[in-house]
Novice: 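Submitted below is the structure of interest, expressed as C-alpha cells.
Order of the sequence lines sets the chain letters (A, B, ...), proteins ahead of strands, with each chain counted from 1.
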Amino acid sequence: MRGGRVRTNDLLVQAPALYHAPISPTVPTASAVATFFVAECDHDMPGLSIPRPEIQLVVRFGPSARGGLDVHAMGVRQKVHRKLIRSGQRAVTARLHLGASEAVLGVRASALAGRIVALEDLWGDAATRRLLDRLAGARDSIDAAALLESVITERVAIAGGRHPGAQLALDAADRVLRRKVNAVAVELGVSERHLRRVLREHVGVSPKAFARLVRFHRALGAARAERHASWAGIAAASGYYDQAHLIADFRAIAGMTPQALLGQLRVSPLLG
DNA sequence: AGGACCGTCAAAAGCAGTAT
DNA sequence: ATACTGCTTTTGACGGTCCT
C-alpha cells in the first residue's frame with residue numbers, strides 16, 4: 001500500500017483519516033457520492049474490506065480487473081472480508097449517499113445487499129463501455145474519481161428526483177442510531193412496519209443492522225484515532241451498552257476481537 | 001402503497017466471572 | 001485495571017399475512 005488516499009467531497013486527506021470520512025447518513029449534495037476512497041498497492045498483500053452501510057461503486061485498474069479495468073457495484077455487507085491485493089492494483093471507490101442507489105444504479109439497495117454486481121448488469125453494455133473508455137484515459141486515481149463523479153452526477157440528473165421512500169429512509173437513518181424504530185416511526189408519521197420495509201429497500205439492511213454497522217465504525221474509528229483509549233471508554237462513547245457487547249459485535253462482524261482487528265489493520269491495508 | 005396484527009426469535013441488557 | 005468470556009432474562013426487531 002503506497003499511502004491509500006481518501007477524497008471527502010473536495011478534500012483530500014491521508015488514509016489514517018479514513019474513518020473520519022462520513023459514515024451514512026449524510027446530507028446529499030448535488031452529487032450522489034458521499035465520499036471517495038482511492039487505494040493503490042505496489043506489492044502483493046492480504047487486505048481487509050470493512051463492511052460499510054453505503055452502496056459502493058468500485059473501479060479497479062490492474063491485474064485483478066477484467067481486461068485491466070472493470071467497474072462493479074458492491075451492496076451493503078455485514079462482515080469483514082479478506083482478499084489478496086495484487087501488486088500494481090489500483091481501486092477508486094465511490095460511496096453513494098443513502099437512498100441514492102436507485103438514481104445511480106437503477107436498482108434499490110435491497111437488490112444489491114450482500115452482493116457484488118458487474119456494472120454492465122445494471123447500466124447495460126453501451127453505457128458501461130462509455131464509462132470504461134473515459135476511465136481508460138484518466139491520468140491517475142484522483143482524475144478517475146473526478147470522472148466517475150461527473151458520470152454519476154449525469155445519471156442522477158437523468159433519473160430525476162429522489163424516490164419518496166429513499167427520502168424517508170434518509171430521514172429515518174440518522175434517527176434509528178439514537179432511538180427505537182417504533183419511536184422513529186411515530187416521529188416521522190408512518191407505521192413501524194412501513195418504516196422497516198422502506199429502510200430495508202433503500203438502505204439494504206434492517207434498521208438495527210444499519211445502526212450496528214455505524215456503531216461498529218464509530219468504535220473502530222475511535223480505537224484507531226486514540227491508541228491509548230480504554231475499550232470501556234470507546235464502547236460507551238460509541239453507543240455500546242458495555243465493553244462486553246462491543247467485543248461481541250467485533251467478533252460477529254470481523255470474526256475477531258477488537259485488539260486482534262487493530263493488529264490486523266496495522267499489517268493489512270484497507271480495501272475501502 | 002401503506003397500515004394492522006401477531007408469533008418468533010435475535011439482540012440488548014445485566015451480571016458474574018476468568019486471565020493477564 | 002483491562003480485556004475478554006459466558007450466561008440468563010427481557011425487549012423489541014423482524015417478517016408473514018391480510019386488509020384497505
Novice: Just the atom pairs and distances: protein N or O near nucleotides 13-17 of chain B's N or O, under 3.5 Å.
Specialist:
residue	atom	partner	partner atom	Å
dA13(B)	N7	His245(A)	NE2	2.6
dG14(B)	OP2	Tyr241(A)	OH	2.8
dG14(B)	O5'	Tyr241(A)	OH	3.2

Novice: Between Arg212(A) and Gly189(A), which residue's closest nucleotide on DNA chain B lies nearer the 5′ terminus?
Specialist: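 Upstream on the strand: Gly189(A).
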
Novice: To the nearest angstrom, how far is Arg215(A) atom CZ from dA11(B) atom P?
Specialist: 11 Å

Novice: Hey, is the main chain of Arg66(A) close enough, under 3.5 Å, to the side chain of Asp70(A) for a donor-acceptor pair?
Specialist: yes

Novice: Does the ring of Trp123(A) carry Arg155(A) above it, NZ/CZ under 6.0 angstrom from centre and within 45° of its axis?
Specialist: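 Yes, Arg155(A) lies over the aromatic ring of Trp123(A).
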
Novice: Using 4.0 Å as the upper bound for N to carboxylate O, is an ion pair formed by Glu154(A) and Arg130(A)?
Specialist: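 No.
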
Novice: Rounded to whole Å, how long is the line connecting atom NZ of Lys208(A) with atom C1' of dC14(C)?
Specialist: 12 Å

Novice: Give a yes-or-no answer on whether the side chains of Arg200(A) and Ser110(A) include a donor-acceptor pair shorter than 3.5 Å.
Specialist: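 Distance-only check fails for Arg200(A) and Ser110(A).
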
Novice: Rounded to whole Å, how long is the line connecting atom CG of Leu213(A) with atom P of dA13(C)?
Specialist: 16 Å

Novice: Need one value for Gln243(A): base, sugar-phosphate or nothing, where a base atom within 4.0 Å counts as base even if backbone is also close, heavy atoms only.
Specialist: base

Novice: Nearest whole angstrom, please: distance from the P of dC6(B) to the CD of Glu192(A).
Specialist: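 Taking atom P of dC6(B) as the reference, CD of Glu192(A) is at 14 Å.
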
Novice: What string of B, S and - do you get for nucleotides 15-20 of chain C 5' to 3' if you count protein non-hydrogen atoms under 4.0 Å?
Specialist: BBB---

Novice: Rounded to whole angstroms, how far apart are CD on Gln78(A) and C1' on dC14(C)?
Specialist: 13 Å

